[in-house]
Participant: 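Please see the structure below; I have some questions.
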Amino acid sequence: MKAFPPLQQSSRKREFSLYTDAERSSVVYHWLFTSNGFRELDTLCLNLDGAHSHGWQSMGIAHYLGLNEAHHNFFDQCPMSYALSLLLAQSDQDPAYALIYCYLRDWHQSHPQEEEVSVLLAKEHDPDYQTQQVEASYWVLHTLVNSSDEQQIDDQLRALATLDPKKHAVKLGKHHYHVSDAALKEAVKCLYDFQCQICQTRVYRPGWLATLPRSAQWHFLNADAHHILPLYQEGPDSLDNLLCLCPTCHRKFHTEQLHLIRHNQNLGCEDVILGRQWQVTEKHPIILHP
Ligand SMILES: [Zn+2]
Ligand SMILES: [Zn+2]
(Lines give C-alpha, C1' and ligand atoms only; values in the text may rest on other atoms or scores of the structure.)
(Ligands and ions follow the chains in the order given, each with its own letter.)
Protein backbone atom coordinates (compact mmCIF):
# COMPACT_ATOMS: atom_id res chain seq x y z
CA MET A 1 0.00 0.00 0.00
CA LYS A 2 1.19 3.53 -0.74
CA ALA A 3 2.11 5.88 2.10
CA PHE A 4 -0.55 8.01 3.72
CA PRO A 5 -0.15 11.55 2.23
CA PRO A 6 1.53 14.25 4.37
CA LEU A 7 -0.74 16.16 6.75
CA GLN A 8 -1.06 19.90 6.23
CA GLN A 9 -2.54 21.26 9.42
CA SER A 10 -4.34 24.57 9.46
CA SER A 11 -4.08 26.75 12.55
CA ARG A 12 -7.77 27.66 12.42
CA LYS A 13 -9.24 25.85 15.41
CA ARG A 14 -12.69 27.47 15.54
CA GLU A 15 -14.81 24.66 14.03
CA PHE A 16 -12.67 21.93 15.60
CA SER A 17 -13.24 23.37 19.09
CA LEU A 18 -17.02 23.41 18.65
CA TYR A 19 -17.44 19.63 18.33
CA THR A 20 -16.96 16.55 20.49
CA ASP A 21 -14.36 13.83 19.99
CA ALA A 22 -17.09 11.47 18.74
CA GLU A 23 -18.15 13.99 16.08
CA ARG A 24 -14.54 14.60 15.06
CA SER A 25 -13.83 10.87 14.73
CA SER A 26 -16.91 10.48 12.56
CA VAL A 27 -15.62 13.23 10.23
CA VAL A 28 -12.17 11.59 10.09
CA TYR A 29 -13.66 8.16 9.34
CA HIS A 30 -16.05 9.36 6.62
CA TRP A 31 -13.42 11.55 4.93
CA LEU A 32 -10.92 8.67 4.76
CA PHE A 33 -13.25 5.77 3.97
CA THR A 34 -16.08 7.22 1.83
CA SER A 35 -16.48 9.50 -1.18
CA ASN A 36 -18.92 11.81 0.67
CA GLY A 37 -18.06 15.50 0.38
CA PHE A 38 -17.97 17.97 3.28
CA ARG A 39 -21.65 18.96 2.77
CA GLU A 40 -22.69 15.33 3.28
CA LEU A 41 -20.30 15.06 6.24
CA ASP A 42 -21.94 18.07 7.92
CA THR A 43 -25.24 16.17 7.68
CA LEU A 44 -23.90 12.67 8.49
CA CYS A 45 -21.46 13.47 11.27
CA LEU A 46 -22.52 16.79 12.79
CA ASN A 47 -26.31 16.68 12.58
CA LEU A 48 -26.49 19.82 10.47
CA ASP A 49 -28.28 20.54 7.24
CA GLY A 50 -25.31 20.30 4.88
CA ALA A 51 -27.09 22.28 2.17
CA HIS A 52 -27.23 25.26 4.51
CA SER A 53 -23.96 24.80 6.38
CA HIS A 54 -22.08 24.29 3.06
CA GLY A 55 -19.77 21.68 4.62
CA TRP A 56 -17.69 24.35 6.30
CA GLN A 57 -17.94 22.81 9.74
CA SER A 58 -16.59 19.35 8.84
CA MET A 59 -14.07 20.99 6.50
CA GLY A 60 -12.79 23.09 9.41
CA ILE A 61 -12.31 19.96 11.51
CA ALA A 62 -10.56 18.05 8.70
CA HIS A 63 -8.26 20.96 7.80
CA TYR A 64 -7.28 21.56 11.41
CA LEU A 65 -6.16 17.91 11.59
CA GLY A 66 -4.26 18.27 8.30
CA LEU A 67 -6.63 16.24 6.11
CA ASN A 68 -7.24 17.55 2.59
CA GLU A 69 -8.26 16.32 -0.89
CA ALA A 70 -5.22 14.02 -1.05
CA HIS A 71 -6.69 11.98 1.81
CA HIS A 72 -10.29 11.93 0.57
CA ASN A 73 -11.49 8.28 0.35
CA PHE A 74 -7.82 7.21 0.63
CA PHE A 75 -8.83 4.02 2.46
CA ASP A 76 -11.65 3.12 0.02
CA GLN A 77 -12.43 -0.63 0.45
CA CYS A 78 -9.44 -1.00 2.74
CA PRO A 79 -9.71 -3.11 5.92
CA MET A 80 -9.68 -1.01 9.06
CA SER A 81 -6.82 -3.11 10.44
CA TYR A 82 -4.54 -2.03 7.58
CA ALA A 83 -5.53 1.61 7.87
CA LEU A 84 -4.73 1.57 11.58
CA SER A 85 -1.39 -0.16 11.21
CA LEU A 86 -0.35 2.18 8.38
CA LEU A 87 -1.11 5.27 10.46
CA LEU A 88 0.60 3.78 13.50
CA ALA A 89 3.74 3.02 11.46
CA GLN A 90 3.85 6.61 10.15
CA SER A 91 3.29 8.17 13.56
CA ASP A 92 6.97 7.52 14.31
CA GLN A 93 7.81 10.29 11.83
CA ASP A 94 5.08 12.71 12.86
CA PRO A 95 2.81 12.51 15.91
CA ALA A 96 0.03 14.16 13.89
CA TYR A 97 -0.54 10.77 12.26
CA ALA A 98 -1.08 9.31 15.71
CA LEU A 99 -3.94 11.74 16.25
CA ILE A 100 -5.65 10.60 13.03
CA TYR A 101 -5.00 7.04 14.19
CA CYS A 102 -6.70 7.71 17.54
CA TYR A 103 -9.80 9.26 15.95
CA LEU A 104 -10.09 6.35 13.54
CA ARG A 105 -9.60 3.75 16.27
CA ASP A 106 -12.21 5.46 18.47
CA TRP A 107 -14.67 5.50 15.62
CA HIS A 108 -13.97 1.85 14.88
CA GLN A 109 -14.40 0.80 18.49
CA SER A 110 -17.71 2.63 18.85
CA HIS A 111 -19.15 1.36 15.52
CA PRO A 112 -18.33 -2.35 15.32
CA GLN A 113 -21.51 -3.26 13.35
CA GLU A 114 -21.17 -0.54 10.77
CA GLU A 115 -17.76 -1.91 9.93
CA GLU A 116 -19.09 -5.43 9.20
CA VAL A 117 -15.89 -7.01 10.40
CA SER A 118 -16.58 -10.16 8.41
CA VAL A 119 -16.79 -8.24 5.15
CA LEU A 120 -13.58 -6.38 5.91
CA LEU A 121 -11.72 -9.54 6.76
CA ALA A 122 -13.03 -11.27 3.65
CA LYS A 123 -11.66 -8.38 1.60
CA GLU A 124 -8.17 -9.02 2.85
CA HIS A 125 -7.94 -11.99 0.47
CA ASP A 126 -5.97 -13.79 3.11
CA PRO A 127 -5.69 -17.46 2.15
CA ASP A 128 -6.13 -18.37 5.81
CA TYR A 129 -9.42 -16.49 5.91
CA GLN A 130 -12.11 -18.56 4.23
CA THR A 131 -15.47 -16.84 3.90
CA GLN A 132 -17.16 -19.56 5.95
CA GLN A 133 -14.65 -19.05 8.74
CA VAL A 134 -15.16 -15.29 8.68
CA GLU A 135 -18.94 -15.72 8.86
CA ALA A 136 -18.53 -18.10 11.77
CA SER A 137 -16.31 -15.68 13.65
CA TYR A 138 -18.89 -12.93 13.04
CA TRP A 139 -21.57 -15.20 14.46
CA VAL A 140 -19.49 -16.17 17.50
CA LEU A 141 -18.82 -12.52 18.24
CA HIS A 142 -22.20 -10.96 17.52
CA THR A 143 -24.56 -13.73 18.55
CA LEU A 144 -22.84 -16.11 20.90
CA VAL A 145 -20.74 -13.86 23.12
CA ASN A 146 -22.52 -10.63 22.18
CA SER A 147 -22.40 -8.24 25.15
CA SER A 148 -21.59 -10.98 27.68
CA ASP A 149 -19.36 -9.62 30.35
CA GLU A 150 -15.74 -10.73 30.37
CA GLN A 151 -16.18 -13.49 32.98
CA GLN A 152 -19.02 -15.13 31.04
CA ILE A 153 -17.31 -15.30 27.66
CA ASP A 154 -15.55 -18.63 28.33
CA ASP A 155 -18.80 -20.23 29.56
CA GLN A 156 -20.66 -19.01 26.49
CA LEU A 157 -18.00 -20.47 24.21
CA ARG A 158 -17.99 -23.80 26.03
CA ALA A 159 -21.81 -23.88 25.96
CA LEU A 160 -21.68 -24.05 22.18
CA ALA A 161 -20.75 -27.73 22.58
CA THR A 162 -24.29 -28.48 23.78
CA LEU A 163 -26.20 -26.05 21.53
CA ASP A 164 -28.38 -27.49 18.76
CA PRO A 165 -26.32 -27.16 15.54
CA LYS A 166 -29.47 -25.89 13.76
CA LYS A 167 -29.19 -22.74 15.85
CA HIS A 168 -25.66 -21.97 14.58
CA ALA A 169 -27.02 -19.61 11.97
CA VAL A 170 -25.75 -16.18 11.11
CA LYS A 171 -27.41 -13.42 9.10
CA LEU A 172 -25.20 -11.17 7.00
CA GLY A 173 -27.03 -8.63 4.89
CA LYS A 174 -29.98 -10.47 3.31
CA HIS A 175 -28.48 -13.94 3.63
CA HIS A 176 -28.59 -16.59 6.32
CA TYR A 177 -25.61 -18.87 6.67
CA HIS A 178 -25.29 -22.06 8.66
CA VAL A 179 -22.02 -22.20 10.42
CA SER A 180 -22.29 -25.23 12.67
CA ASP A 181 -18.87 -26.84 12.14
CA ALA A 182 -17.09 -23.55 11.43
CA ALA A 183 -18.62 -22.05 14.58
CA LEU A 184 -17.14 -24.81 16.73
CA LYS A 185 -13.72 -24.21 15.22
CA GLU A 186 -14.00 -20.47 15.82
CA ALA A 187 -15.21 -21.05 19.38
CA VAL A 188 -12.21 -23.20 20.30
CA LYS A 189 -9.84 -20.52 18.94
CA CYS A 190 -11.63 -17.74 20.83
CA LEU A 191 -11.65 -19.77 24.05
CA TYR A 192 -7.83 -19.84 24.00
CA ASP A 193 -7.53 -16.32 22.56
CA PHE A 194 -5.83 -17.85 19.53
CA GLN A 195 -2.93 -19.08 21.64
CA CYS A 196 -1.53 -22.52 20.77
CA GLN A 197 -2.47 -25.06 23.47
CA ILE A 198 0.80 -26.90 22.85
CA CYS A 199 3.51 -24.21 22.62
CA GLN A 200 1.67 -20.95 23.60
CA THR A 201 2.51 -19.21 20.30
CA ARG A 202 0.11 -16.57 18.97
CA VAL A 203 0.00 -15.28 15.38
CA TYR A 204 -0.79 -11.56 15.27
CA ARG A 205 -2.41 -9.64 12.44
CA PRO A 206 -1.95 -5.94 11.61
CA GLY A 207 -4.13 -3.81 13.87
CA TRP A 208 -3.75 -5.90 17.03
CA LEU A 209 -3.50 -3.83 20.20
CA ALA A 210 -3.07 -5.12 23.75
CA THR A 211 -5.46 -2.40 24.91
CA LEU A 212 -8.44 -3.63 22.84
CA PRO A 213 -11.16 -5.53 24.73
CA ARG A 214 -10.63 -9.30 24.71
CA SER A 215 -13.16 -10.16 21.98
CA ALA A 216 -12.07 -7.22 19.79
CA GLN A 217 -8.52 -8.63 19.82
CA TRP A 218 -9.80 -11.82 18.19
CA HIS A 219 -10.12 -9.99 14.84
CA PHE A 220 -6.39 -9.49 14.80
CA LEU A 221 -5.18 -12.97 15.75
CA ASN A 222 -4.80 -16.16 13.80
CA ALA A 223 -4.78 -19.83 14.77
CA ASP A 224 -5.78 -23.26 13.46
CA ALA A 225 -8.48 -25.57 14.79
CA HIS A 226 -7.49 -29.24 14.67
CA HIS A 227 -9.64 -32.38 15.01
CA ILE A 228 -7.84 -34.72 17.44
CA LEU A 229 -9.43 -37.82 15.87
CA PRO A 230 -9.80 -36.81 12.20
CA LEU A 231 -13.27 -36.64 10.67
CA TYR A 232 -12.20 -39.21 8.04
CA GLN A 233 -11.57 -41.66 10.90
CA GLU A 234 -15.09 -40.91 12.09
CA GLY A 235 -13.93 -38.53 14.79
CA PRO A 236 -16.85 -36.45 16.08
CA ASP A 237 -17.29 -32.84 14.95
CA SER A 238 -17.57 -31.65 18.53
CA LEU A 239 -15.75 -29.23 20.79
CA ASP A 240 -14.20 -32.05 22.88
CA ASN A 241 -12.47 -33.33 19.72
CA LEU A 242 -10.95 -29.94 18.80
CA LEU A 243 -7.70 -28.20 19.70
CA CYS A 244 -6.53 -24.62 19.15
CA LEU A 245 -3.05 -24.80 17.54
CA CYS A 246 -0.43 -22.62 15.90
CA PRO A 247 0.38 -23.59 12.28
CA THR A 248 3.69 -25.22 13.31
CA CYS A 249 2.23 -27.52 15.95
CA HIS A 250 -0.69 -28.25 13.63
CA ARG A 251 1.72 -29.52 10.99
CA LYS A 252 3.53 -31.63 13.59
CA PHE A 253 0.27 -33.37 14.55
CA HIS A 254 -0.39 -34.22 10.91
CA THR A 255 3.14 -35.58 10.41
CA GLU A 256 2.63 -37.58 13.65
CA GLN A 257 5.58 -35.92 15.36
CA LEU A 258 3.20 -34.86 18.18
CA HIS A 259 0.68 -37.01 20.06
CA LEU A 260 -1.66 -36.23 22.92
CA ILE A 261 -1.29 -38.32 26.07
CA ARG A 262 -3.29 -38.40 29.28
CA HIS A 263 -1.67 -38.90 32.69
CA ASN A 264 -4.36 -39.17 35.37
CA GLN A 265 -6.20 -35.84 35.14
CA ASN A 266 -3.54 -34.02 33.12
CA LEU A 267 -3.49 -33.72 29.38
CA GLY A 268 0.00 -33.82 27.90
CA CYS A 269 1.77 -33.82 24.59
CA GLU A 270 4.61 -36.02 23.44
CA ASP A 271 7.14 -35.22 20.73
CA VAL A 272 7.98 -38.73 19.53
CA ILE A 273 11.01 -37.61 17.49
CA LEU A 274 12.70 -35.45 20.13
CA GLY A 275 11.48 -37.67 22.97
CA ARG A 276 9.96 -34.91 25.10
CA GLN A 277 6.70 -34.62 27.04
CA TRP A 278 4.98 -31.60 28.50
CA GLN A 279 1.60 -30.44 29.77
CA VAL A 280 -1.03 -28.90 27.50
CA THR A 281 -3.31 -25.92 28.25
CA GLU A 282 -6.82 -27.26 28.79
CA LYS A 283 -9.74 -24.83 29.13
CA HIS A 284 -12.39 -27.16 27.74
CA PRO A 285 -13.09 -30.90 28.20
CA ILE A 286 -11.00 -32.89 25.72
CA ILE A 287 -11.74 -36.55 24.99
CA LEU A 288 -9.00 -38.84 23.63
CA HIS A 289 -10.45 -41.61 21.50
CA PRO A 290 -8.12 -44.65 21.62
ZN1 LIG B 1 2.18 -24.39 18.77
ZN1 LIG C 1 -5.60 -30.72 11.81
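Numbers here simply count residues along the sequence, with the first being 1. Atoms within a ligand are numbered from 1 in the order they appear, just like the ligands themselves.
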Participant: Show the nearest heavy-atom pair for residues Arg202 and Tyr204, with the distance to one decimal.
Facilitator: NE-OH, 3.4 Å
Participant: Which N, O or S atoms belonging to the protein are less than 2.8 Å from the Zn ion (ligand 1)?
Facilitator: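 Cys196 SG, Cys199 SG, Cys246 SG, Cys249 SG, with waters left out.
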Participant: I need the NE2(His254)-the Zn ion (ligand 2)-ND1(His226) angle, rounded to 10 degrees.
Facilitator: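 My answer is 100°, to the nearest 10°.
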Participant: Can you hop from Tyr29 to Leu44 via hydrophobic side chains spaced under 4.5 Å?
Facilitator: no
Participant: Write down the atom of Cys246, the atom of Thr201, and the distance for their closest heavy-atom approach.
Facilitator: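 Looking at all heavy atoms of both residues, the closest pair is CB-CB, 4.1 Å.
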Participant: When you measure from the centre of the six-membered ring of Trp107, is the NZ or CZ of Arg105 closer than 6.0 Å and no more than 45° off the axis?
Facilitator: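 Because its charged atom misses either the 6.0 Å distance or the 45° angle limit, Arg105 does not stack over Trp107.
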Participant: Counting only heavy atoms from other residues, nucleotides and ligands, does the tally under 6.0 Å from CG of Asp76 exceed 12?
Facilitator: yes
Participant: Between His259 and Phe253, is there a donor-acceptor pair closer than 3.5 Å when you use the side chain of the first and the backbone of the second?
Facilitator: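 Checked: no pair found.
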